[in-house]
Amino acid sequence: MARINRYIILTVLVLFIEFTNARAANEKIFMDKLCGSGAIVLDGDVKPGTAFQLSSSTKFQPNFSCTIKFRTAQPTQRLVVTVEQLNIADCPGDTIRIYDGTTLLNQDVKQQCGTPSSFSFTTKTTEASFTFATGKTTKTASFKIAMAIHFAAVPSCPQNLGFFLCKNKNCISKSLKCDAHDHCGDATDEFSCSMVGK
């Protein structure tokens with residue numbers, strides 16, 4: 001009987017940890033509500049990844065500018081940035097610019113506005129920043145961007161230690177698998193997902 005009780009307690013504890021990690025990963029972040037705030041830190045435990053968007057696709061004021069920053073908790077970690085959806089009507093008047101430290105990643109204007117297919121980058125530094133800026137007119141805009149830590153220094157990305165090896169060789173937290181966001185950059189973390197999830 002004592003073994004059964006221990007098993008039940010252990011099972012409940014594991015389910016609670018999984019639920020807590022899933023909630024942290026699915027937290028909604030609205031870029032335009034966090035303009036200019038300090039960097040959002042992604043770590044390997046509590047917040048290994050996230051996704052963000054604008055609070056609505058309504059018209060923004062002319063000459064609006066908003067920047068948010070993300071950074072990793074450890075110097076050996078990198079960031080996987082996936083633009084899952086981009087719909088910025090006034091192109092190139094309104095844009096989203098993505099920086100790896102100070103280097104502009106999406107140099108092609110077709111990746112700054114319009115309605116391109118999903119695309120991704122893996123940073124070379126520990127920081128990524130995003131600047132959404134509008135021009136002189138007011139048009140609608142929306143986007144969804146997923147972020148994840150790439151554990152570049154973890155050899156072989158062992159799943160039994162809580163990691164997931166993407167097909168493109170990015171190593172992310174297993175807790176981000178099947179959360180409806182492309183954290184790998186090639187969507188392999190969303191393959192073979194049941195309706196139940198992880």
Side-chain angles (χ1 to χ4, degrees), residues 23-43 47-73 77-150 166 168 170 172 176 178-190:
R23 240 183 51 214
N26 288 321
E27 172 189 11
K28 288 215 182 240
I29 296 177
F30 297 109
M31 180 179 185
D32 47 313
K33 304 291 183 194
L34 296 173
C35 299
S37 62
I40 298 168
V41 179
L42 299 183
D43 61 32
K47 189 178 257 191
T50 192
F52 68 93
Q53 62 194 44
L54 294 171
S55 59
S56 73
S57 61
T58 58
K59 295 180 178 181
F60 285 85
Q61 294 298 317
N63 302 313
F64 174 79
S65 182
C66 175
T67 299
I68 62 170
K69 297 179 182 183
F70 293 86
R71 70 176 176 81
T72 65
Q77 298 169 339
R78 297 296 175 257
L79 295 166
V80 180
V81 176
T82 305
V83 178
E84 298 179 294
Q85 181 259 325
L86 181 63
N87 186 6
I88 298 179
D90 185 15
C91 189
D94 300 346
T95 59
I96 180 83
R97 290 197 168 103
I98 305 167
Y99 294 90
D100 177 358
T102 58
T103 303
L104 180 64
L105 291 175
N106 59 338
Q107 294 180 10
D108 185 348
V109 74
K110 293 176 185 170
Q111 291 183 333
Q112 295 177 8
C113 55
T115 54
S117 299
S118 176
F119 58 93
S120 72
F121 302 100
T122 300
T123 64
K124 293 181 178 164
T125 69
T126 59
E127 295 181 7
S129 61
F130 303 82
T131 300
F132 172 61
T134 63
K136 295 179 181 179
T137 62
T138 56
K139 299 273 186 174
T140 60
S142 67
F143 52 80
K144 290 182 183 175
I145 298 175
M147 303 278 301
I149 291 178
H150 167 47
C166 306
N168 62 11
N170 283 333
I172 66 171
L176 299 174
C178 297
D179 71 346
H181 291 289
D182 177 4
H183 291 291
C184 279
D186 63 5
T188 51
D189 57 315
E190 299 304 311

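Not measured: the values here are computed from a predicted model.
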### Worked verdict on L79 versus F121 for side-chain contact (heavy atoms from CB on, under 4.5 Å)
CA-CA 8 Å; L79 295 166; F121 302 100; over 6 Å; no

### Message
Run N87 and T115 through side-chain hydrogen bond (donor to acceptor under 3.5 Å, both in side chains) and show every step you take.
### Response
CA-CA 5 Å; N87 186 6; T115 54; 5.5 Å; no

### Query
Yes or no on side-chain contact (heavy atoms from CB on, under 4.5 Å) for N63 and K136, after CA distance, side-chain angles and deciding distance?
CA-CA 6 Å; N63 302 313; K136 295 179 181 179; 4.2 Å; yes

### Message
Under the criterion side-chain contact (heavy atoms from CB on, under 4.5 Å), I'd like the reasoning laid out for M147 against V80: C-alpha separation, chi angles, the key distance, then a yes or no.
### Response
CA-CA 6 Å; M147 303 278 301; V80 180; over 6 Å; no

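With hydrogens and angles ignored, the 3.5 Å screen pairs a side-chain donor or acceptor of T134 with a backbone N or O of F64. The closest donor-acceptor contact from the side chain of N168 to the backbone of C184 lies under 3.5 Å. Using a distance-only test at 3.5 Å, with no hydrogens or angles considered, no donor-acceptor pair links the side chain of T95 to the main chain of P92. Proximity of a side-chain donor or acceptor of E84 to a complementary backbone N or O of D182 within less than 3.5 Å is detected. Checked by atom type and distance alone, the side chain of T125 pairs as donor or acceptor with a backbone atom of E127 at under 3.5 Å. Proximity of a side-chain donor or acceptor of D189 to a complementary backbone N or O of H183 within less than 3.5 Å is detected. Side-chain atoms of D100 do not come within 3.5 Å of backbone N or O of T103 as any donor-acceptor pair.
How far OG of S120 is from CD1 of I145: 12.0 Å, rounded to the nearest 0.5 Å. Residue K144 holds its NZ atom at 12.5 Å from CG of L86, rounded to the nearest 0.5 Å. Separation of atoms OG (S117) and CD (Q111) is listed at 10.0 Å; rounding is to 0.5 Å. For the atom pair CZ of F132 and CD1 of I98, the computed distance is 13.0 Å after rounding to the nearest 0.5 Å. Atom OG of S55 and atom CD1 of I29 lie 13.5 Å apart (nearest 0.5 Å). To the nearest 0.5 angstrom, H150 atom NE2 is 5.0 Å from N170 atom CG.
Side chains of L54 and F30 form no contact here, defined as non-hydrogen atoms less than 4.5 Å apart. Between I149 and L42, some side-chain heavy-atom pair lies under the 4.5 Å cut-off. For the pair T123 and T72, the minimum side-chain heavy-atom distance is 4.5 Å or more. Residues I96 and C113 have side chains not in contact (no heavy-atom distance under 4.5 Å, counting atoms from C-beta outward). Taking the side chain as every heavy atom from C-beta outward, V81 and F130 approach each other to under 4.5 Å. Looking only at side-chain heavy atoms (C-beta outward), S65 and T131 come within less than 4.5 Å of each other. Counting heavy atoms from C-beta on, the side chains of M31 and Q53 never come closer than 4.5 Å. Residues P116 and K110 are not in side-chain contact: their nearest non-hydrogen atoms beyond the backbone lie 4.5 Å or more apart.
Ring-centre distance between F70 and F52: below the 6.0 Å cut-off.
Residues D43 and A73 share a closest heavy-atom pair of CB-CB, 3.7 Å. Across all their heavy atoms, R78 and T122 have their closest contact at CB-CG2, 4.4 Å. Contact detail for I88 and A141: the closest heavy-atom pair is CG1-CB, 4.1 Å. Of all heavy-atom pairs between C35 and D32, the closest is SG-O, 3.6 Å. Nearest heavy-atom pair across C166 and D186 is CB-OD1, 4.1 Å. The heavy-atom pair separating E190 from H181 by the smallest distance is OE2-O, 2.9 Å.
In this model, no donor atom of one side chain and acceptor atom of the other lie less than 3.5 Å apart for T67 and S129. Between the side chains of S142 and Q85, at least one donor-acceptor pair of N or O atoms lies under 3.5 Å.
Across V109, L104, D108, a single residue satisfies side-chain contact (heavy atoms from CB on, under 4.5 Å) together with N106, and that is L104.
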